[in-house]
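In what follows, residues are counted from 1 in the order of the sequence shown.
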Amino acid sequence: MYHHVKKLMFTVRVDEPDPRFGNMLLEQFGGANGELAAAMQYSIQGLNCEDPDRKDLLMDIGTEELSHLEVVGTLARMHLKPAKFDREAAEADPLIAIAGGGGVNLFNSQGSAWTADYLKITGELDVDLRSNIAAEARAKIVYERLINFTDDAGTKDALQFLMTREITHMKAFALALESMNKPAFSIGRIAPTPGLVDQFFNDSTGTGDHGEIDTRGPWNEGGDWVFTESPAIQAENGAANAIVTESSPPADEAGLGDLLIEELRDILHAEKQLTKALPKMAEAARFDQLRELFEQHLVETEAQIERINECFELLGKTPRAKPCKGMMGLVEEGQEIIAQGEDKEDAAADLALIGAAQRVEHYEMSGYTTARNLAQQLRHSAVVALLSKSLAEEENADQLLNQVARSLMSVAKMPAAIEQA
């Protein structure tokens with residue numbers, strides 16, 4: 001909830017209005033690096049932020065940027081004031097004088113309208129914080145240039161205040177990013193390709209007309225860097241492609257292959273248990289729609305077992321299950337629910353049965369997701385495709401159970417509604 005206090009964050013004073021400079025100030029009012037863009041960027045990032053501590057930071061600074069917008073707008077309006085009544089001042093910028101009545105509007109110093117395209121919002125907190133640090137740095141430079149283009153003492157004071165706050169915000173964003181303890185180049189969740197990430201391509205070569213040369217520095221030598229001649233030049237010379245690719249499977253140094261096999265054996269046992277449990281659930285179901293759903297999923301489960309066996313063949317391993325204790329517990333719980341349902345009304349009994357079935361589905365979905373992700377990391381594309389198909393079937397079964405549950409809940413309400421009538 002916002003509250004506007006009429007007193008400015010910084011009291012603006014202009015001794016000698018300068019309409020041309022007022023036009024320059026609009027860059028920080030409605031420009032790409034201006035205060036409105038900053039206020040919107042940080043506030044919307046804050047709305048999206050799941051981290052309560054850094055959400056508070058974003059909302060604090062986003063709100064302060066609105067205060068800065070008012071300071072800049074007031075400063076620009078005071079400089080533009082002569083354009084309201086002075087012909088010569090108006091001629092300096094007819095757009096402001098004629099279309100805008102000598103006041104500020106949401107456009108930059110060139111008359112281009114403010115746009116949400118200025119905003120940098122990814123929804124990834126560390127990436128957004130880096131964007132904000134860069135935004136504050138750009139805004140600081142704009143204020144510095146504005147200070148250099150005015151001789152008005154009051155204007156300089158206001159701009160100095162605003163410029164300083166940009167550094168304050170930059171420090172706050174930088175420390176917030178540092179407090180997340182993320183490595184500098186750890187962006188997102190998917191790891192870069194080993195080898196390729198450390199290749200520096202020397203794609204700008206030779207000596208230029210003005211004496212430019214190929215240079216070496218910490219950006220292309222030392223550490224893990226592999227300085228590589230331009231792939232284009234190597235291709236011209238008939239050399240092999242120097243770019244590191246993923247055409248061969250990665251070395252399984254972390255034992256991910258063994259972990260994938262363990263996951264598949266666990267899923268295989270889980271699915272085999274379900275081929276015995278699903279017929280019992282179908283028999284216990286009171287409503288035809290639910291019974292048919294269980295029978296349909298039994299067919300899918302049998303096909304999923306075949307896919308898991310195919311995965312083992314692709315990986316050169318013998319299809320062998322290992323006891324899945326998690327599914328054992330879920331199946332046992334399902335049997336208890338079937339027994340308890342004998343004393344319940346039809347809708348209530350089937351809703352309890354659906355609850356047991358959905359717990360099974362979610363367990364299977366997590367297993368398939370883990371196995372698929374491991375196969376993906378190991379670049380077993382055929383295995384990924386098989387597991388993805390089974391995962392999609394489990395997700396679809398879960399959605400169908402949801403639909404049946406909603407129908408049964410409506411049925412369960414009907415007797416009460418009739419009694420009230």
Side-chain angles (χ1 to χ4, degrees), residues 8-43 45 57-58 60-83 89 92-93 95-96 103-121 127-178 219:
L8 291 175
M9 181 176 250
F10 182 93
T11 302
V12 176
R13 188 186 84 253
V14 172
D15 299 322
E16 292 291 334
D18 180 351
R20 289 181 181 274
F21 187 72
N23 177 275
M24 292 183 188
L25 285 168
L26 291 178
E27 195 61 43
Q28 280 303 89
F29 191 77
N33 302 305
E35 302 296 350
L36 179 62
M40 293 297 98
Q41 178 165 308
Y42 307 156
S43 297
Q45 287 174 356
L57 164 72
L58 290 164
D60 281 343
I61 297 181
T63 303
E64 183 180 342
E65 299 291 7
L66 289 173
S67 301
H68 292 181
L69 181 71
E70 188 174 11
V71 172
V72 173
T74 302
L75 189 63
R77 179 180 57 77
M78 293 170 74
H79 274 286
L80 293 169
K81 190 173 182 179
D93 197 318
L95 175 66
I96 292 174
V104 298
N105 211 324
L106 286 180
F107 43 68
N108 65 12
S109 58
Q110 299 301 306
S112 299
W114 187 88
T115 169
D117 288 342
Y118 293 153
L119 309 187
K120 302 295 182 287
I121 301 166
V127 176
D128 283 343
L129 287 172
R130 288 185 175 93
S131 293
N132 296 351
I133 293 167
E136 296 292 335
R138 289 192 296 268
K140 195 272 182 187
I141 291 299
V142 174
Y143 277 125
E144 191 172 296
R145 291 169 180 168
L146 286 169
I147 288 171
N148 291 334
F149 286 128
T150 183
D151 295 322
D152 184 78
T155 299
K156 281 181 177 287
D157 287 344
L159 294 175
Q160 177 71 27
F161 169 81
L162 293 166
M163 183 190 74
T164 300
R165 293 305 295 170
E166 304 299 339
I167 298 299
T168 304
H169 296 166
M170 192 188 307
K171 286 171 57 180
F173 287 137
L175 290 169
L177 178 62
E178 183 181 322
W219 54 87

Enter the distance from [X]:[atom1] to [Y]:[atom2] here, rounded to the nearest 0.5 Å.
X	Y	atom1	atom2	value
Asp157	Thr11	CG	OG1	11.0 Å
Ile147	Leu162	CD1	CG	9.0 Å
Thr115	Phe107	OG1	CZ	15.0 Å
Met40	Tyr118	CE	OH	14.5 Å
Leu26	Asn105	CG	CG	8.5 Å
Arg138	Glu166	CZ	CD	11.0 Å

Problem - Intermediate values then yes/no, side chain to side chain contact (heavy atoms under 4.5 Å, CB included), Tyr42 and Glu64 - result: CA-CA 10 Å; Tyr42 307 156; Glu64 183 180 342; over 6 Å; no
Are [X] and [Y] close enough that some pair of their side-chain heavy atoms sits under 4.5 Å apart?
X	Y	answer
Glu70	Leu8	yes
Phe161	Val12	no
Leu58	Asn132	yes

Closest non-hydrogen atom pair, [X] against [Y]:
X	Y	answer
Ile133	Ala174	CD1-CA, 3.6 Å
Ala32	Ala37	O-CB, 3.7 Å
Gly22	His79	CA-CB, 3.7 Å
Ala135	Gln41	CB-NE2, 4.4 Å
Ala76	Val104	CB-CG1, 3.6 Å
Gly62	Ser43	CA-OG, 3.8 Å

Exercise for the section: Classify the angle between the aromatic ring planes of His169 and His68 as parallel (below 30°), tilted (30 to 60°) or perpendicular (above 60°). Expected result: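 Parallel: the ring planes of His169 and His68 meet at under 30°.
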Is it the case that the side chain of [X] and the backbone of [Y] share a donor-acceptor pair, with hydrogens and angles ignored and the cut-off at 3.5 Å?
X	Y	answer
Lys140	Met163	no
Gln45	Ile121	no
Asp152	Glu16	yes
Ser112	Asn108	no
Thr168	Thr164	yes
Lys156	Thr150	yes

Exercise for the section: Using side-chain contact (heavy atoms from CB on, under 4.5 Å) as the criterion, point out the one residue from Leu75, Leu36, Leu69 that pairs with Phe29. Expected result: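 It is Leu69; the other options fail the test.
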Exercise for the section: Give the intermediate values and the outcome of side chain to side chain contact (heavy atoms under 4.5 Å, CB included) for residues Phe149 and Asp18. Expected result: CA-CA 11 Å; Phe149 286 128; Asp18 180 351; over 6 Å; no
Exercise for the section: Could you give me the CA-CA distance, side-chain angles and deciding distance for Thr155 and Leu146, then say whether side chain to side chain contact (heavy atoms under 4.5 Å, CB included) is met? Expected result: CA-CA 10 Å; Thr155 299; Leu146 286 169; over 6 Å; no
Practice task
Answer yes or no: are there more than 12 heavy-atom neighbours, outside Asp15 itself, under 6.0 Å from its atom CG?
Solution key: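 Enclosed: over 12 neighbouring heavy atoms sit under 6.0 Å from CG of Asp15.
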